[in-house]
Protein chains: 2
Amino acid sequence: MAEQGQVTLGDVARAAGVSLATASRALNGATQVRADLRQRVRAAAERLAYSPNAHARALAKSSNAGVGVICHDIGDPYFAGIARGVMRAASRHDLQVILGSTFRDPLREISYASMMRGQRVRAMLLVGSGFENREWQESLRRELDLYRATGGRVAVISRHRGVRADAVLPENRGGAAELARSLLALGHRSFAVLSGPLSLTTVVDRLAGFRSALASWGIHLLSTQIVEGAFTRDGGYEATQELLRRGLRATCVFASTDVMAIGALAAFREAGLRVPDDVSLAGFDDIPMIRDLTPPLTTVALPLEDLGERAMEMALLPERPARVRVERVQGQVVLRASTGPPP
Amino acid sequence: MAEQGQVTLGDVARAAGVSLATASRALNGATQVRADLRQRVRAAAERLAYSPNAHARALAKSSNAGVGVICHDIGDPYFAGIARGVMRAASRHDLQVILGSTFRDPLREISYASMMRGQRVRAMLLVGSGFENREWQESLRRELDLYRATGGRVAVISRHRGVRADAVLPENRGGAAELARSLLALGHRSFAVLSGPLSLTTVVDRLAGFRSALASWGIHLLSTQIVEGAFTRDGGYEATQELLRRGLRATCVFASTDVMAIGALAAFREAGLRVPDDVSLAGFDDIPMIRDLTPPLTTVALPLEDLGERAMEMALLPERPARVRVERVQGQVVLRASTGPPP
DNA sequence: ACGTTAGCGGAAAGCGCTTTCCGAAAGCGC
DNA sequence: GCGCTTTCGGAAAGCGCTTTCCGCTAACGT
């Protein structure tokens, strides 16, 4: 109980009058120990407020009861939703979660990965689209390869050209295409896109899917009608303002993510444009809050919490099979009041 | 590079042709090592893709470069915002973050705390109101005392009767009182409250503050006009429905948190009540999204990200002083369009 | 009642790293 | 040029736990 004092297994053993080895076995319950002894050890441990040193244990067993999770921004509802699923899964497996939030800095992503490798985490989860930059992809891939070489498991959610790993992949292309078809069915023939940073694969895929669906109707996106913005509410807001400055030549706007769409909604409102009467607006992800906007936002729904749970489970599966596993997750188009027929 | 192979400091030392001790010093840079040797060691480490085993290091130094953070629900925007601040601070100090999400289960809270004690984290951060249950408080307090007895530091955000720890305390009472005064100033004289679970100190404080401000105007809350609900959007939604069933006898409704207020807004809309024309609505916290609701929500703004950063910094301060430190954080009443004069 | 087998508990060898303690080598003054 | 101080690098002792290896006791069969 002293400031410096750490109660060790040895102390417990002594207090219980057994050997160190017996104490260890009694507490971990693997091998047989006489019931009364086990009881005595347990009691001693309790009495001394013994707390096994996780590092010593990890070192001795050369395995660790932790997993690492790296995301772009834990404050973003998209990641927060996924993180919730991850926590659930981890808790089921009695694994602690080490969290990294890169704030979209690729360097930080790599440094987190490296730190987690040093921690010898059981598995690593990369959440969110990777960076399109070859150099970083390369660094990250190297880091992950090293990690796997020592038996680590890697899974990713939605991403990462250049990283060969088990993956839970939202159908970004397919979802966006499906959304485009729904919008076409509403009668829209001219579109604009508020795109996230085109350095992210997710963004590229969603744009590609959307575009290809339009193309098969012979509709092309004007380059002036694609505005790139940050992956945030304000990014969407500003991109929309830019779009309006350029002159909106579309009856329907697709934002790469719901978060951006929220910003767009605000910008439209400020500009005096009514959604969906003057312009329709759709997003992607189905983060919880958008149901409560006015109007509620049309989107492609992703089961965020599931995504997290499934990726975690996947990373925890027994042995790495020869081929990477890929679980594709369909997005579900949800038409809400933010989209309607063109004016 | 083999499946099992872990590159150790010994391997690096051998490859560099120096002793193990020298290798350690060369890499950590504390003591003097000849420049050329250090270079050789660095090169060898690089070549072998050496990754220091964090557990071995933690064990040897008996100190760990991690902090633990326990919150109720990482998926909740309130915690997500705080978590963002925490991550920033931790990243500044090169500390890894172990995250626990209790999903409002006190048992899980205690088990996280205990696990983090086992991890010998440098500091522990408890985020979110504590449970009002004496028994849990007691268990948690014991766990934390044990943790501190071995030199651990604890800080809390917003909470925890029974836990004596450095704290960042949002002025829940004061903020709610201030809000009440603003609402009174708008002309309201009859109020209803959508309260979160009364087992949480935060909720109790906010209710008390609100109530006391009313009391000084001689206004009392009818017990039928206080409805308890879960701390979620749906909790707010259902509590509002219950309130309507009981008969709304108020011109203004105060929800303990913004998240609940969002549910309330939906429920009012469904019931055909216009906000703020028929009823005014206010929340607490100022989570980002409520600015974009229709109408934008009046609330008491808390600097969420700051809260996280400050608590983290506080927990990391050099030595524990004799008295616990307390930083009080004022909430700022932000009047938005969800409140107006009574009908 | 004796030999055999099974099973329990103790001693000890690590797990990979840090760090103290020392001896050796190098640099300095007079 | 000799003795002394100063550095620098190596050997070794842990950090707290798990686990193998073994000796011992107890239980069983005939």
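All chains are named by letter (A, B, ...) in the order of the sequence lines, taking the proteins before the strands, and each is independently numbered beginning at 1.
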Just the dot-bracket of DNA chain C, please: which string comes out with Watson-Crick or G-U pairs under 3.5 Å, [ ] for crossing, | for another strand? ||||||||||||||||||||||||||||||
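- For R47(A), the salt bridge (charged side-chain N to carboxylate O under 4.0 Å, His left out) test picks out no residue, with sequence neighbours left out.
- Side chains of H93(A) and E313(A): a donor on one and an acceptor on the other come within 3.5 Å.
- Rounded to whole angstrom, the span from the CG atom of L37(A) across to the C1' atom of dC8(C) amounts to 9 Å.
- Under the rule for a salt bridge (charged side-chain N to carboxylate O under 4.0 Å, His left out), R142(B) has no partner lying at least two apart in sequence or in another chain.
- For A56(A), the side-chain contact (heavy atoms from CB on, under 4.5 Å) test picks out N53(A), L59(B), with sequence neighbours left out.
- With hydrogens and angles ignored, the 3.5 Å screen pairs no side-chain donor or acceptor of R84(A) with any backbone N or O of L304(A).
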Whether each nucleotide of nucleotides 14-19 of chain D has a protein heavy atom under 4.0 Å at its base (B), only at its sugar-phosphate (S) or at neither (-) is summarised, 5' to 3', as BBBBBB
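- Tested against V69(B) for a side-chain contact (heavy atoms from CB on, under 4.5 Å), the candidates I98(B), I74(B), L99(B) yield a single pass: L99(B).
- Side-chain atoms of S62(A) and R120(A) include no donor-acceptor pair closer than 3.5 Å.
- Among pairs with a residue in residues 110-119 of chain B, those fulfilling side chain to side chain donor-acceptor pair (under 3.5 Å) read R117(B)-E143(B), at least two apart in sequence or across chains.
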